[in-house]
There are 4 protein chains.
Amino acid sequence: MALWDGRFSEKPTEALTEFSESISFDKRLYKHDIEGSKAHAEMLAEAEIIPRDSAEKIIKGLELVLSKIEENNFDYNAELEDIHMHIENALIAIVGDDGARLHTGRSRNDQIALDIRLYLREEILTVCEGIKEFQKALIGKAEEYKQTLLPGYTHLQRAQPVLFPHQLLAYTEMLERDIERLLDCRKRLNIMPLGSAALAGSTLPLKRNVTARLLNFDRISSNSMDAVADRDFLCELLSGFSIFAMHVSRISEDIILWCSEEFNYIELGDAFCTGSSIMPQKKNPDIAEISRGKTARIYGDLMSILTLLKGLPLTYNRDLQEDKEPVFDAVDNVKKILSVYPSMIASIMVKKENMLKAASDPALMATDLAEKLVELGVPFRIAHHRVGSLVKWCEKNKLKLDNITYEEMLSVIPEANEECLKLFNPEKSISKRNIYGATGYGEVDNQLNFWKKKLN
Amino acid sequence: MALWDGRFSEKPTEALTEFSESISFDKRLYKHDIEGSKAHAEMLAEAEIIPRDSAEKIIKGLELVLSKIEENNFDYNAELEDIHMHIENALIAIVGDDGARLHTGRSRNDQIALDIRLYLREEILTVCEGIKEFQKALIGKAEEYKQTLLPGYTHLQRAQPVLFPHQLLAYTEMLERDIERLLDCRKRLNIMPLGSAALAGSTLPLKRNVTARLLNFDRISSNSMDAVADRDFLCELLSGFSIFAMHVSRISEDIILWCSEEFNYIELGDAFCTGSSIMPQKKNPDIAEISRGKTARIYGDLMSILTLLKGLPLTYNRDLQEDKEPVFDAVDNVKKILSVYPSMIASIMVKKENMLKAASDPALMATDLAEKLVELGVPFRIAHHRVGSLVKWCEKNKLKLDNITYEEMLSVIPEANEECLKLFNPEKSISKRNIYGATGYGEVDNQLNFWKKKLN
Amino acid sequence: MALWDGRFSEKPTEALTEFSESISFDKRLYKHDIEGSKAHAEMLAEAEIIPRDSAEKIIKGLELVLSKIEENNFDYNAELEDIHMHIENALIAIVGDDGARLHTGRSRNDQIALDIRLYLREEILTVCEGIKEFQKALIGKAEEYKQTLLPGYTHLQRAQPVLFPHQLLAYTEMLERDIERLLDCRKRLNIMPLGSAALAGSTLPLKRNVTARLLNFDRISSNSMDAVADRDFLCELLSGFSIFAMHVSRISEDIILWCSEEFNYIELGDAFCTGSSIMPQKKNPDIAEISRGKTARIYGDLMSILTLLKGLPLTYNRDLQEDKEPVFDAVDNVKKILSVYPSMIASIMVKKENMLKAASDPALMATDLAEKLVELGVPFRIAHHRVGSLVKWCEKNKLKLDNITYEEMLSVIPEANEECLKLFNPEKSISKRNIYGATGYGEVDNQLNFWKKKLN
Amino acid sequence: MALWDGRFSEKPTEALTEFSESISFDKRLYKHDIEGSKAHAEMLAEAEIIPRDSAEKIIKGLELVLSKIEENNFDYNAELEDIHMHIENALIAIVGDDGARLHTGRSRNDQIALDIRLYLREEILTVCEGIKEFQKALIGKAEEYKQTLLPGYTHLQRAQPVLFPHQLLAYTEMLERDIERLLDCRKRLNIMPLGSAALAGSTLPLKRNVTARLLNFDRISSNSMDAVADRDFLCELLSGFSIFAMHVSRISEDIILWCSEEFNYIELGDAFCTGSSIMPQKKNPDIAEISRGKTARIYGDLMSILTLLKGLPLTYNRDLQEDKEPVFDAVDNVKKILSVYPSMIASIMVKKENMLKAASDPALMATDLAEKLVELGVPFRIAHHRVGSLVKWCEKNKLKLDNITYEEMLSVIPEANEECLKLFNPEKSISKRNIYGATGYGEVDNQLNFWKKKLN
């Protein structure tokens, strides 16, 4: 029998019970539900709304419930609907009428708002820790291949030589923004909603600041109707997760490309690949592929939450029950990615010679030539056009840019000097890119040092 | 040990195994995997690729595996990755080397394409049956309240009187399109991919038409690369499910409105509502709300699948493993809605007098007056403006349209005759709407008869 | 002054007019609005609701409006809100009071439902024609490189040799499903809604079948409330467009990969590439990239329409005005892709030798060896494991599969015979794949002939 | 002729030019492109990369280009592709070879990254100002109806009486989070990418901090590859806009409900409604409906951007060109909503008596009775059940809660005292809700004062 059914004469059928229950997925909130209830009971006693010894019995009872759940010694039952009812029910079974005092001044509307905030503020920290491990793996790999070059790509065409660590640092920057974004979200989420009750607040003299202090919240919510209707933090969190997953998909794309026989830039540890059920030669970068695939899942979860909330009138509507599974799915999948990605990065073996060979195509230094002409006083747009003509001339004559004579160069670029012939070396190209943020050796080294310090 | 690891020297860690396994969710395909494998073995024997008695042992072995799974007498193990490997492994354990012949000329790439098609073509029929039950419930309710009127709404403003059955017929039409759409999808899905092997077909003389016949497929796929890369049918199915869910969300919105104290048009059976943990008077239309919420889930699942496939090169990529959970989630939620919605519709008790009262506002017959003026020769646009002025005049004079004298009407609408005064009756309004598709009594009756015949 | 403002006392401000107008985008429907109005006027005369000569004046007047619009001799004005009001207004300005008879028995609710159906059923055919051109370009290119081999890929790893035409045929199949899907959608869309009026049908004796016949519709809608509320066809169409766009994104991904220096399989015509503003050597496959990007737009448009409709009560709600821009955006972008993609395909120059070299890696024939062992009686799973061990042995000994002696092979695969040494040739591999749908020469030739016939 | 075509031999056709141009939409960035170019030229002179007087000519030339554009005296031409090329081209036409020096050390890759950041950091402030106006309108309306009551709703069922200002304050809170979120996004966006060039930085001694200072950026980007590939800020911004739009959709839903004849709680100013083309009596809350519809558009834009970026390898890919239209669409639609919503709020006329009547249903005070029983020592869960039974008893006896005798109450609730009979008054109910965040008169007054101060 549900705790709210005083006024009902008909019991729901099994199909209906199955349809509307949430215990099958919200049971993961048991710890936070109990944590919240303990603080609530303590507050009720401090505010003298319930007797002190009732509160103490409640708190002990809740601790017993907690240990039963954690010892798998707890019965779930769809008729009891959700985790709140399960725990309150178990509490009353243990401590009797005192347990029936727990729900004073509280509604499931503000209770679930509390539980999900408690749960997520913890998960966000776990995820941020995981992202840091990811960054550490990237920086570690960058240290390992400090001098390694590869072509940087635009349009999946080789563009200019870059340091391999420079590319890994790009990933590190992306991940850093993810952490910032998640922490900004956490800041907006770390607000205590209890005391909003069903939607209008309570007529009892609840001490909301006490609850907030006990539960270590930054502040309490300012409007009871908003507090029970608000799921902004889920949208913001899943948006942050989506951007993180998008980053993972981009990094994965690079890794998958690099693992192909055509690029052949890296090899992943055997443990991070699987084979084929029919083609014995295959070594597939599955972890990167599945991670790229999980991006889709997390986008879908975000879209679910946004759609869910669209057009809902204030305040609480039962639609909100459907917010949990997408959020849990997103949390789980982000954590899954983080459980394997750092060690996959660590397992990368770089085939330096292949990268270097690809980066040595003199065409990749065409911009260096244009910029050299700028140094010689040629306006850039003209310099750029000159170099374009030289590239075309080389193609026509089946020559490479580093294979032509000074005279040949002059015939196309009258402003060139002899130094212009010596630019077609990728190390040289890199060593000239010395402004902040560029791929020059010194700059990249500075960045690596910055991150090593920051991540420790 | 995975069956493909002949060439590997390093075993995946537990975290990696957990990350890449799919058995936790693809085990639901066991029946279809075994069904497909039995047909495959039979075909291999018919094509004389494996000995007839090997095939027979395989088929018996698979049946044993099936009964073990159905009796919950089967061990799942993430190291065996997926349902295919579990079943093949169990088969080999039972029948030995003959079992090792099953995977001949087959890859997991075409095997999963087969399994998911077998699974979905069945689920689509189940869902269509469920939608028909939904339609039957609507038509049944329409019969019950054959003469009941309510206002039809545009912009959530009362617009014109309609028959309550007319609105239920609108829902029935929407659902009918859903069935058509799902069956069109099924048509494109009912194609046999086996024999495509990894991506290039097999060098063995497989008899694909035999397999197709045994499994009752419409035809076999025409291109092996397409067959292993194609997940169009998932997009199309989830799009069909999304449109269905959108319909449910619209119907739910109507029901939620009608249940409000303000509309007060219907009451749902107690079993279809729940109460509040704090407000004892509440009777909430939870089933409708949760169903509306599930729409969001299904949209999210569609978006996941579309995103998953975006930009994937041919042919199979491991990302595709992430296609299953969104599809299963959508199937499950559509079926859940269908498990409760028809009986909820059946439980509706209509408060006829409230509906009628709302439909009796003479302003709802304003269009009837405009159309009467058209009959009297007034161009519609002028008639419309005349009636608008009359409405305004009534507002100013705090009169209702059915409360004015002929002289008053003539003072604003010089073209009016006395009949114009008698239009402000909702039954009359309805009885005049006699063209096909309109809300007239006869027309609605025809439609009800059509549906009763069609649904039996 | 708006045509509906008989009852209003306050005029909207300019900001409000700007906010709620739709003429800036729905003006593209002018032709279909006029087409629909002409048929409506003709029907009104046939049904003797308006005088025959009024109808004739209306029809001539509408033709004059049409030519004015097409000659850019027409004023748009946000105060007149939408294309319907613009045209009716212009008509009345031309023909006077007879023009005021046009809107008889009609509402903008059913009028826009008509216009958008007229518009889309035409655009769908245009798109399908465009997709056929795309298919023709693929088949043409396949003919041109009938004997060309490349590796087929799974997990972006080389898997098995396939014919280049086989891959192009995979694309052709994908596109064929797109056409089928769009035509199924068109079938559901080609239904005449006029006569549904605001939502309840009309009290006038409209002859809906006449209008349907004049406008060449398959049938008329059966429920007036459904007809004005229904936007299913937009969801279904945008879902079909999304799947098409997804296909384009996958083909584009392949093309972008093939254009990279690493794959170096094809070159696109200069006209289909652009250069860099700073790197003179670049030749970027922009058309493929932008097309892949447009996929995102079209997915977004689908998500917009689905979200728009979620939870809307029956019948018409003004939200629906926001349905047009996403649909127009999707139509335009699909047509844009089709305006360039076929000629880009036609411009492909294949570097046969590079493809062949990549396909010649003996490891790609590993499956052939396993299947040969099956022919020799070895159960497949064992054969597969044997070949896996051989691959590993070769790696350890730095040998290639086609570079080992019979004895060496026997030492790992005791069941091998001498023929097993001769399998490592890609042409041979292809020529053995002779089942329907596989990449064998004959099979691919059959498919090409099928498509050539079908597309003419 | 494009500025990059030195190496090309074939010109694109018109269809291709149309396909790949972006000038038709990126021209809106002209002001920011010129602002960025002026700073870049100044920096090039300070760094002595170009002559000081070249820089001065460039800057003057750019100002001339700016005024030409703003005077509509500027030719757009799809062959010049984008706004960057248009402006550089016009500059060179004006100042000759000195203009050809402007693009020194810069690529369109970092240039567009700069322009879009300059554009958005401005638009974000505009939007935040607009949201503040929205908040002011809410607070103004709350002041106007300081003592007005209405039922607060959960599940669209009347739940408990609340102050009308309390509900408006809930909206104000929601909007405040929107502002915070947008400003957090702006913080991450306000970073100067110029100097990243194509992807690797420049070989020229650019002074990036100078450019940043001139353009008033918080800091400069740390990794050149990241800087040209990064579009995180678009995702984050559109996510922020989506949450804002979701809020608008929820507020709109409330307004649409309140405007219905059934709720009849408010009336909007005539200017904020439109009529029907056929039903003269209608007064539709179009602004709220269209705004709710625009939510769908903005969600779609977010989904577009996320999909666009999924799986893109580093660094710049031409797909990114498709990022602009969704972002512009979202910016425009958010601003459109803000252009009308505050004045619509201001136009609200509240029908206090209707609200009060609805809030006076004694059942809404059932929780007050339960909490009173708590004060009398009854454990809440038992109190709640008692009240539920009383509600049921009243229903059976067709009595209202405030219509029963003390004896009747005692017969169901033995713990009740006489005060329990006096709770069924909505003002009393509100006046007892005095904890922070609740709907009590004093609390709401405090909140109103807080916001009045904050918003001035």
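We name chains A, B, ... by the order of the sequence lines, and we start the count at 1 in each one. Just so you know, these numbers use all the heavy atoms, side chains as well, and skip hydrogens, waters and symmetry mates.
Heavy atoms closer than 4.5 Å to chain D are found nowhere in A:Lys372, neither backbone nor side chain. Neither the backbone nor the side chain of A:Val248 comes within contact range of chain D; no heavy atoms are under 4.5 Å apart. With a 4.5 Å cut-off on non-hydrogen atoms, A:Leu302 touches chain D through its side chain but not through its backbone. Of the atoms belonging to D:Ala296, not a single heavy atom falls under 4.5 Å from chain A. For D:Thr104, the parts sitting under 4.5 Å from any heavy atom of chain A are the backbone and the side chain alike. For a residue to count as touching a neighbouring chain, one of its non-hydrogen atoms must lie under 4.5 Å from one of that chain's; by this rule A:Phe450 does not touch chain D. Within the 4.5 angstrom heavy-atom criterion, only side-chain atoms of A:Leu257, from C-beta onward, approach chain D. For A:Asn434, the part lying under 4.5 angstrom from a heavy atom of chain D is the backbone only. The contact between A:Pro161 and chain D is made entirely by backbone atoms, counting heavy-atom distances below 4.5 Å. Using a 4.5 Å cut-off between heavy atoms, D:Lys187 touches chain A through its side chain atoms alone.
In terms of heavy atoms, A:Gln160 sits closest to D:Gly201 at OE1-O, 4.4 Å. Closest of all the heavy-atom pairs between D:Thr154 and A:Asn109 is CG2-ND2, 3.8 Å. When all heavy atoms of D:Ile435 and A:Gly195 are compared, the closest pair comes out as CD1-O, 3.5 Å. Minimum interatomic distance between D:Tyr436 and A:Ser221 (heavy atoms only, all atoms of both residues): CE2-O, 3.4 Å.
In terms of heavy-atom pairs under 4.5 Å with chain D, the best-connected choice from A:Asp254, A:Ile255, A:Val228, A:Ile251 is A:Asp254. For the set D:Arg318, D:Gln167, D:Arg292, D:Glu375, the count of heavy-atom pairs under 4.5 angstrom toward chain A peaks at D:Gln167. The candidate with the highest count of non-hydrogen atom pairs below 4.5 Å against chain D, out of A:Asp97, A:Thr172, A:Asp232, is A:Asp232. Chain A forms the most heavy-atom pairs under 4.5 Å with one residue out of D:Ser222, D:Ser249, D:Ser239, D:Ala245, and that residue is D:Ser222. Among A:Val162, A:Ile243, A:Ile49, the residue with the largest count of heavy-atom pairs under 4.5 Å with chain D is A:Ile243. The greatest number of non-hydrogen atom pairs below 4.5 Å with chain D, out of A:Leu312, A:Val444, A:Ile382, A:Thr307, is found for A:Leu312. With chain A as partner, the option from D:Arg208, D:Met174, D:Arg386, D:Met225 having the largest number of non-hydrogen pairs under 4.5 angstrom is D:Met225. Options D:Thr439, D:Leu238, D:Leu204 differ in how many heavy-atom pairs under 4.5 Å they form with chain A, and the most are formed by D:Leu204. Highest contact tally toward chain A, considering only D:Ile256, D:Val378, D:Thr295, D:Leu206, is held by D:Leu206 [criterion: heavy-atom pairs under 4.5 Å]. The candidate with the highest count of non-hydrogen atom pairs below 4.5 Å against chain A, out of D:Met246, D:Lys207, D:Glu236, D:His166, is D:His166.
At least one side-chain heavy atom of A:Leu156 sits under 4.5 Å from a side-chain heavy atom of D:Pro313. Residues D:Arg381 and A:Leu91 form no side-chain contact, since every pair of their non-hydrogen atoms from C-beta on lies 4.5 Å or further apart. Side-chain atoms of D:Asn223 and A:Gln447, non-hydrogen and from C-beta on, never get closer than 4.5 Å to each other. The closest side-chain heavy-atom distance from A:Ser202 to D:Arg433 is not below 4.5 Å. Between D:Glu180 and A:Arg188, the closest side-chain pair of non-hydrogen atoms falls below 4.5 Å. A:Glu253 is not listed as a side-chain neighbour of D:Leu314, based on a closest heavy-atom distance of 4.5 Å or more.
A:Glu443 is linked by a salt bridge (charged side-chain N to carboxylate O under 4.0 Å, His left out) to nothing, counting only residues two or more places apart in sequence or in another chain. With sequence neighbours excluded, the residues that form a ring-ring contact (aromatic ring centres under 6.0 Å, His included) with D:Tyr316 are A:His155.
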Open item on the list: Using the rule given for side-chain contact (heavy atoms from CB on, under 4.5 Å), can you reason through A:Leu309 versus D:His247, listing the C-alpha separation, both sets of side-chain angles and the distance that settles it, and then say yes or no?
Closed with: CA-CA 9 Å; A:Leu309 294 167; D:His247 290 154; over 6 Å; no
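Formation of a donor-acceptor pair under 3.5 Å by the D:Tyr299 side chain with backbone atoms of A:Met303 is not found in this model. In this structure a side-chain-to-backbone donor-acceptor pair under 3.5 Å is present from A:Thr315 to D:Tyr153. Counting only distance, with no hydrogens or angles, the side chain of A:Arg101 and the backbone of D:Gly377 share a donor-acceptor pair below 3.5 Å. Under the 3.5 Å distance criterion, the side-chain polar atoms of A:Ser224 are left unmatched by any main-chain donor or acceptor of D:Ala438.
Checked against A:Thr203 for a side chain to side chain donor-acceptor pair (under 3.5 Å), the options D:Lys428, D:Glu371, D:Lys432 give a single hit: D:Glu371.
Between D:Asp184 and A:Arg181 no salt bridge is recorded (no basic side-chain N to carboxylate O distance below 4.0 Å). A salt bridge is absent between D:Asp230 and A:Arg250: the closest approach of a Lys/Arg side-chain nitrogen to an acidic carboxylate oxygen does not fall below 4.0 angstrom.
In this structure, A:Ile50 CD1 and D:Phe380 CZ are separated by 13.0 Å, a value rounded to the nearest 0.5 Å.
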